[in-house]
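Throughout, protein chains are lettered first and strands after them, A, B, ... in sequence-line order, and every chain is numbered starting at 1. Heavy atoms only: backbone and side chains are in, while hydrogens, waters and symmetry mates are out.
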Amino acid sequence: MRFAPSPTGFLHIGGARTALFNWLYARNAKGTFILRIEDTDRTRSTDEYIDAIIEGMKWLGLDWDEGPFRQTDRFDVYRSYADKLLKEGKAYYCYCSAEELEARRKVAMAQGKSLKYDGRCRDLKEPVPGVTPAVRFRMPQQGQTVVEDLIRGNVVFENEQLDDLIILRSDGTPTYNLTVVVDDVDMRITHVIRGDDHLNNTPKQIQLYQAFGYAVPKFAHLPMILGADKTRLSKRHGATSVMAYYEMGYLPEALVNYLVRLGWSYGDQEVFTRDELIRYFSFENVGKAAAVFNPEKLLWLNSQYIMGTAPEKLAELVRPFLVKEQIITEDQPLDPAWLARAVQTLQERAKTLVELAASLRYYVAEDIIFNEKAKEKFLNEKSRDLLKELKDGVSALSEFSSPELEMLFKAIVEKHGVKLGVLAQPVRVAMTGGTESPGIYEVLEVLGKEKVLRRLEKAISLTG
RNA sequence: GUCCCCAUCGUCUAGCCCGGCCUAGGACAUCGCCCUUUCAAGGCGGUAACGCGGGUUCGAAUCCCGCUGGGGACGCCA
C-alpha cells in the first residue's frame with residue numbers, strides 16, 4: 001500500500017482521507033505502507049509542500065514504513081521503461097505541439113466530439129525536423145479493459161475510448177501515468193487505493209502494466225468528499241488543509257475518526273479507537289457514494305475526544321494555544337497538576353483546544369475581562385452585601401475547598417432567604433467576568449483563596 | 001459533447017449482495033421536556049428519508065429496465 005501525494009499544496013482533507021484508508025488497510029493486513037512523493041511536475045511541486053504533507057501525516061499519526069521516495073530521484077528509471085516501450089513499438093514519438101493539441105481539443109469540443117488525441121503521429125515513419133517530440137503510448141484500440149475494483153466491482157471501458165497518452169514530455173521528463181505504473185511495479189504495490197477521480201485513468205494504467213508484462217495490482221477507488229453545495233471540496237468550503245484543523249484546536253484522533261466515517265461504517269458505531277479502526281477496516285464497508293463534509297459533526301466528535309482525554313494530557317496539548325492566545329508567555333511556568341485540575345473543570349464545555357484555552361484565561365491570568373452586560377446586571381447594590389458577606393466568610397475559612405465553600409454559600413443564601421443563583425451569579429461574574437462557567441465551587445477552589453479574595457474585593461468596589 | 005461512477009432523513013450512514021424480521025435503525029444538526037447556581041455535559045421525546053416511472057414477484061428500500069438528478073474524467077497536471 002502507498003500514499004502518493006503530489007506536493008502542489010498542503011495535505012488537504014481529501015488527501016488525508018486517502019492516506020488514512022491506505023494506512024488503515026496496510027495496518028489491518030499487516031502490510032507495508034509507503035509514502036511516495038509524486039513531484040514530476042516540477043513547475044508546481046515545492047519542497048515546502050513536501051514538508052507540509054509530512055507534517056500533516058505526522059500530526060494525524062499516519063506513520064509510514066518506507067519512504068518518502070521522490071519521483072524526481074528516479075527519472076532514469078522511467079526513461080529506461082519508456083525506451084523499452086519505444087523499442088518494442090508500443091510507444092511512438094509525437095511531434096504535435098502543445099498549442100496545436102489545445103487548438104484541436106477546442107475544435108473537437110465545439111463539434112461535440114470526443115477530446116481524445118487523434119493519433120496523427122501514430123504511424124509516422126520519419127521524424128519531423130526541428131521539433132523535439134514527446135513520447136506517446138500506443139493504446140490498443142480494440143476490445144475492452146476491465147477494472148476490477150474492490151469497492152465498485154467490475155468497471156468496463158471500451159479500448160477505443162482510451163487515449164494515446166503522453167508518457168515522456170518533449171523535455172524528456174516522465175508523466176504521471178508512466179511514473180505511477182513503474183513505481184507501483186518497482187515498489188511491489190499490491191493495492192492501489194486512491195480517489196474516485198482516478199477511476200478513468202485506471203484502464204490506461206492497466207494497459208501500461210500489460211505492455212510491460214507485469215501483473216496488475218488490486219484497485220480500490222474511494223468516493224469523493226464534497227462541500228455543502230455538493231461540488232468537490234475546495235477552499236471556498238472553508239478550511240481544507242489538515243493543519244488548519246490543528247490551528248483551530250482539533251485533536252488528530254477526532255479528525256481521523258471523522259474522516260474514516262466519511263464513506264466507511266461499522267454498523268452503528270460512531271466513535272472508534274485507533275486499534276478498533278485497524279481491526280474493523282475492510283473495503284466491504286466502504287460506500288460508493290460521494291460524501292458531503294460536515295464540519296458540525298467533526299466539531300461534535302472533537303468535543304467527544306476532548307471529554308475523553310485525560311486532563312493531564314489535555315493540559316499539555318492546550319499550552320501552545322494559551323501562548324497563542326497571549327494568556328501566558330512562551331516560558332511562563334505553570335504547575336502541571338494545577339493546570340490539569342483547571343482543564344478538568346472545563347473539559348466538557350470546550351469543543352476545541354482554542355475554546356479551552358480561551359476559557360482558561362480567567363484561571364490563569366491575573367486580571368479578568370468583564371462582560372459589560374454581566375457586570376451591570378450582577379455587580380450592583382443588590383449583590384453588594386451578599387458579596388461582602390461571602391468575602392468575610394471566605395477569609396474566615398480554615399479550609400478552602402469545594403465542600404466548605406458550598407456550606408458557606410448555603411448558609412448565606414438561607415440567611416437571606418434567596419435562591420442560590422442570587423449569590424452564585426454575581427460571584428461567577430466576579431470570578432470569571434462572565435455568566436458562564438463550571439460549577440462555582442469548583443471555580444473558586446481552582447482559583448485559590450488569595451485570588452478569590454482579590455477578585456471579590458474588586459467586584460465589591462465595582463458595585464458602587 | 002464523449003466516457004465513467006453514484007443515488008435511504010438537511011448531513012454522515014445501517015439495511016441492499018442472499019427480496020418478507022423495515023409502520024426503514026443509529027449519529028450530527030434542529031425542536032421540546034427533565035436535571036440544574038450559569039453554561040455545558042447527560043437523560044427522555046419529537047420533526048425528518050428509500051429521487052421518479054415501469055417491470056419481475058404472493059410480497060421490493062432490496063432484483064431488472066428506463067428516466068431524472070448529482071459527481072468525476074477527458075492536459076506535454078497529478
Side-chain angles (χ1 to χ4, degrees), chain A residues 4-8 38-41 43-45 71 94 96-98 101-102 105 108-117 133-136 147 149 151-153 155-158 161-163 165-171 173-177 179-180 194-203 221 223-224 226 228 230-232 258 261-271 284-285 287-301 303 307 346-351 359 374 378 406 409 413 419-425 427-429 432 434-441:
Chain A
S6 69
T8 55
E38 312 223 313
D39 56 350
T40 53
D41 182 2
T43 57
R44 296 198 305 152
S45 303
Q71 293 190 320
C94 173
C96 303
S97 72
L101 292 167
E102 178 63 24
R105 265 193 297 274
M109 178 78 93
Q111 294 176 342
K113 287 206 286 234
S114 158
L115 306 184
K116 77 177 234 194
Y117 178 63
V135 176
R136 279 185 192 271
V147 178
D149 192 280
I151 295 170
R152 271 144 230 283
V155 182
V156 180
F157 292 84
E158 296 296 329
Q161 297 290 339
L162 269 28
D163 216 341
L165 42 86
I166 288 177
I167 54 176
L168 239 43
R169 300 185 184 93
S170 48
D171 66 1
T173 60
T175 62
Y176 165 73
N177 280 297
T179 59
V180 250
R194 73 226 308 192
D196 220 355
D197 48 342
H198 284 286
L199 188 55
N200 290 285
N201 279 324
T202 308
H221 286 94
M224 300 270 85
L226 312 177
K230 303 234 181 203
T231 64
R232 216 188 157 125
Y258 178 70
R261 283 285 288 100
L262 233 39
W264 177 86
S265 62
Y266 189 77
D268 286 340
Q269 191 169 342
E270 294 286 348
V271 181
E284 277 172 40
N285 301 324
K288 296 182 204 209
V292 174
F293 185 82
N294 183 350
E296 281 172 338
K297 188 155 183 181
L298 170 58
L299 190 61
W300 172 76
L301 266 170
S303 70
M307 279 190 268
L346 258 11
Q347 220 170 340
E348 67 186 24
R349 25 210 125 215
K351 292 190 192 301
S359 307
F378 292 107
E406 181 163 1
F409 269 66
V413 161
K419 286 208 237 173
L420 186 53
V422 177
L423 173 61
Q425 279 306 81
V427 175
R428 199 181 308 278
V429 176
T432 70
T435 54
E436 300 157 16
S437 86
I440 194 66
Y441 313 126

Can you sort out the partners of [X] under side-chain contact (heavy atoms from CB on, under 4.5 Å), two or more places apart, ordered by chain and number?
{"X": "A/Q161", "answer": "A/E158"}
{"X": "A/A291", "answer": "A/L262"}
{"X": "A/E102", "answer": "A/R105, A/K106"}
{"X": "A/L423", "answer": "A/L386, A/F409, A/I412, A/V413, A/V427"}

Check whether any side-chain heavy atom of A/Y176 sits under 4.5 Å from a side-chain heavy atom of A/H198, and report yes or no.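 They are in side-chain contact.
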
Pick the closest RNA chain B nucleotide for A/M109 and for A/T175 by heavy atoms, then say which residue is nearer the 5' end. A/M109

5'-most by nearest nucleotide on RNA chain B - A/A98 or A/A289: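 The residue mapped nearer the 5' terminus is A/A289.
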
Answer with base, sugar-phosphate or nothing: what part of the nucleic acid does [X] contact at a heavy-atom distance below 4.0 Å?
{"X": "A/R152", "value": "sugar-phosphate"}
{"X": "A/D171", "value": "nothing"}
{"X": "A/Y258", "value": "nothing"}
{"X": "A/H198", "value": "base"}
{"X": "A/C96", "value": "base"}
{"X": "A/L115", "value": "base"}
{"X": "A/T231", "value": "sugar-phosphate"}
{"X": "A/G434", "value": "nothing"}
{"X": "A/S170", "value": "base"}

Nearest-0.5 Å distance, CG of residue A/L168 to CZ of residue A/R136: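 With rounding to 0.5 Å, CG (A/L168) is 12.5 Å from CZ (A/R136).
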
Checking base pairs now: Watson-Crick or wobble, both atom distances under 3.5 Å. What partners B/G69?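 Answer to the pairing question: B/C6, which forms a Watson-Crick or G-U pair with B/G69.
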
Could you please name the partner base of B/C18, counting Watson-Crick and G-U wobble pairs only when both distances are under 3.5 Å?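 With both distances under 3.5 Å required, B/C18 matches none.
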
For chain A and RNA chain B, what are the first and last nucleotides along the strand, 5' to 3', with at least one atom under 4.0 angstrom from a heavy atom of the protein chain?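 Answer, 5' to 3': B/G1 to B/A78.
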
Pairwise C1' distance for B/C33 and B/G72, with rounding to whole Å: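 To the nearest whole Å, 47 Å.
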
Can you name the residues that form a ring pair (Phe, Tyr, Trp, His ring centres under 6.0 Å) with A/F378, not counting sequence neighbours?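 Partners of A/F378 by the ring pair (Phe, Tyr, Trp, His ring centres under 6.0 Å) criterion come out as none, since no residue qualifies.
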
